[in-house]
Amino acid sequence: MSQSPAPLPFIDALRDAAGVRLPGSGQAWLDTVRRENLETFLADGLPDTRTEAWKYTALRALGQRRFAQGDPDAATRAFDPRALGLPGVDGPRLVFVNGVFRADLSRLDGLPAGLTLQPLSQVLERDPEPLRFALSRRYREAGDAFARLNTALAGDGVMLRVAAGARISKPVQLCFVGVPASGDLAWHVRNVIEVGEGARLDLVEHHLHDAPHKHLGTLVTDLVLQNDAHLQHVQLQNAAEESVLIRRGSLHLGARSQAALHVLELGGGLVRHDLHAEMRGDQARLDTRGVFVLRGRQHLDTQLSIRHQALNTASESIWRGVADERARGVFRGAIVVAEGADGSDASLSNKNLLLSSLAEIDTKPELEIYADEVKAAHGATVGQLDERALFYLRSRGLPYAEARALLTAAFCRAVFTSLPNETLRDHFSEALLAHLP
Amino acid sequence: MLKIENLHARVEGKDILKGLSLTVNPGEVHAIMGPNGAGKSTLGNVLSGRDGYEVTEGSVIFEGRDLLALEPEERAAAGVFLAFQYPVEIPGVNNTYFLRAALNAQRKQRGEPELDSMQFLKLVREKLKIMQISDELLHRAVNEGFSGGEKKRNEIFQMAVLEPKLAILDETDSGLDIDALKQVSQGVNALRSADRSFLVITHYQRLLDYIEPDFVHVLAEGRIVESGDKTLALKLEEHGYAWVAERDPAEVRA
């Protein structure tokens, strides 16, 4: 290994991180897991564009930046809780400010029977043993550098369990708020979520900010659906314009379980979202819907990977991307139908819209099939607004900007028609329109 | 209301309109007839401000304003409406929502108060008496999956709601069976008034049986080569467009 004499500022700033006390520090196994992951991260550094998973997202500029680890003042930073409100979402709520749990902003009274919802920091301090398996997970892929960093440094997050058979009627809201600090800081959040056998959960993941800042946030989320479980998972990402947000989700689906994911990504300066789904039980079903709308110099990279590895499983994915000004979007959707996963039905559609000649979107659908009797379809396009439609709307009196926004919103709408929460669906449309320049 | 003088226009480097002049007064219905390729649709597109149509000479004054200097949406707000020969399908945009947005955008540009959804629905119900379209079409995406006749009726319905001063019907009869043609024509006739003018662009005389024009103009090779009353359309129907071309220009002018 060649050790560079002048390490990247990003890496250099992490040298002292090993000594920082985190919730759960002192637990031998946890200390070991954290230390090993940090050492691996420091040794390997940030992935470069030669790593396939990071081919279209260069981290050179990030490597030159220095982040303070964690926010010691997160517990007392002022934040207006009204900003947390989402129409159609009025259930329990867990709020994190700069990666730290905030009881004062959260809503944890009178949780419905069968729902366990706690900040990870509390679980780690009291009894981390039940999380040992989840938190000891090794991320071996070269592209998973941030998952290793997260494992090394995450001290807080969500611990959510739905007991077998429990039906949680109100959506559970998870809020991740970025708030300015005296400098740029990095926070790391780890979420462990399990929906028990036959249980149902509505989850709303909301990323938001109150003022401009340039923090780095990483989130690693493990979601497990036991047999016959149902999950509705909505993600609204409206992070600060120049912030860096790196998320990695893994989703395991048991037999006959069903998960539906709806993602709207609007914010952030450099955004990465990896989702690894594994259909582990027969007849599991996964629907993913997502859209990003980018402007300015935003860069967003979505990496969707769905693995069918049981009988008669189904997945349907519809993703849209819109890039204006000098924004850059990346979508990679990989579907693997493993050997023996006969009767799988997989489809993936990714359509993209460029609103400016300086914007760019790269899309890469991939399909690997090793089983028999498989139905699989995928398609990807990158195009521009239909000039005829634009003129039609303008000829009826709609100004150019309004006509453009209307067509762009229409282009994205297919992604949300399947969102059952109608109020939230309307809010998504409005948020999307408001984000267009 | 509309004064076109010596209009020359070019599409993709090709001269299409070559000195077209036409004056339309309030309340008049002018039919523009002509063979394929004469420049009929180009005229409609130039008047409504479509991209790709380059005016190289001449002027168009609408209600005292230089129409050619206005953006398409400004022309709409000023009162120009083009009923498209091929109405565009716009998936994902609800027909009623679109129409309300368009009407309010026009009202806003004119400095008039916007209509709320109750006021708009009342207006829609009123206009449905003029041009009947089904509730289902009202709530579908704009023109998406509409039949040819439904698309044309939707155009006339939009016209009824937007209440333009000048309506340009671009081959509105194309692709319509006789029943649909009658319905569309009835809608247009119901909208005729002393201060609303029409430019009816058509290839066939048939439409003019139902929408009776005050004037008929023959457009050939980018210019109006003959003008007359509605009987001119009948002569054309009888003799074909070759009849105009074969006649002595002096005779035409007479």
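- With hydrogens and angles ignored, the 3.5 Å screen pairs no side-chain donor or acceptor of B:Ser48 with any backbone N or O of B:Leu82.
- For the set A:Glu387, A:Arg396, A:Glu402, the entry with the most heavy-atom pairs within less than 4.5 Å of chain B is A:Arg396.
- The closest donor-acceptor contact from the side chain of A:Arg404 to the backbone of A:Leu390 lies at 3.5 Å or more, if one exists at all.
- In this view, B:Lys3 satisfies the salt bridge (charged side-chain N to carboxylate O under 4.0 Å, His left out) rule with no residue, not counting sequence neighbours.
- When only modelled atom types and interatomic distance are considered, B:Arg153 and B:Gln183 share a side-chain donor-acceptor pair under 3.5 Å.
- Using a 4.5 Å cut-off between heavy atoms, A:Leu393 touches chain B through backbone and side chain atoms alike.
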Verdict with supporting geometry, B:Ile16 and B:Leu43, side-chain contact (heavy atoms from CB on, under 4.5 Å):
CA-CA 9 Å; B:Ile16 306 288; B:Leu43 177 62; over 6 Å; no
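- Contacts with chain A were tallied for B:Ala141, B:Ala77, B:Ala101; B:Ala101 has the most, counting heavy-atom pairs under 4.5 Å.
- Neither the backbone nor the side chain of A:Phe411 has a heavy atom closer than 4.5 Å to any heavy atom of chain B.
- With a threshold of 4.5 angstrom between heavy atoms, B:Pro164 does not approach chain A through any atom at all.
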Determine whether B:Glu114 and B:Arg107 satisfy the following criterion, salt bridge (Lys or Arg N to Asp or Glu O under 4.0 Å), listing intermediate values before the conclusion.
CA-CA 6 Å; B:Glu114 297 182 30; B:Arg107 294 178 67 94; over 6 Å; no
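- Interface residue B:Asn143: only side-chain heavy atoms are found under 4.5 Å from chain A.
- Contacts between B:Gln158 and chain A at a heavy-atom distance below 4.5 Å involve the side chain alone, from C-beta outward.
- The choice from B:Phe81, B:Phe98, B:Tyr86, B:Phe84 that makes the most heavy-atom pairs within less than 4.5 Å of chain A is B:Phe84.
- Ranked by heavy-atom pairs under 4.5 Å with chain A, the first of B:Glu74, B:Glu155, B:Lys108 is B:Glu155.
- Residues meeting the side chain to side chain contact (heavy atoms under 4.5 Å, CB included) test with B:Ser134, sequence neighbours left out: B:Glu136, B:Leu137.
- If you measure heavy-atom distances from A:Arg413 to chain B, the contacts under 4.5 Å come from the side chain alone.
- Heavy atoms closer than 4.5 Å to chain A are found nowhere in B:Arg75, neither backbone nor side chain.
- Only the side chain of B:Tyr97 comes within contact range of chain A, with heavy atoms under 4.5 Å apart.
- Ranked by non-hydrogen atom pairs under 4.5 Å with chain A, the options B:Pro87, B:Ala102, B:Gly52 are led by B:Ala102.
- The residue among A:Ala414, A:Ala389, A:Cys412, A:Ala409 with the most heavy atom pairs within less than 4.5 Å of chain B is A:Ala389.
- Residue A:Gln235 is tested with A:Arg247, A:Glu265, A:His207 for a side-chain hydrogen bond (donor to acceptor under 3.5 Å, both in side chains); the sole match is A:Arg247.
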What's the verdict on salt bridge (Lys or Arg N to Asp or Glu O under 4.0 Å) for B:Arg110 and B:Glu112, showing C-alpha distance, side-chain angles and the deciding distance?
CA-CA 6 Å; B:Arg110 294 194 291 259; B:Glu112 298 163 10; 3.1 Å; yes
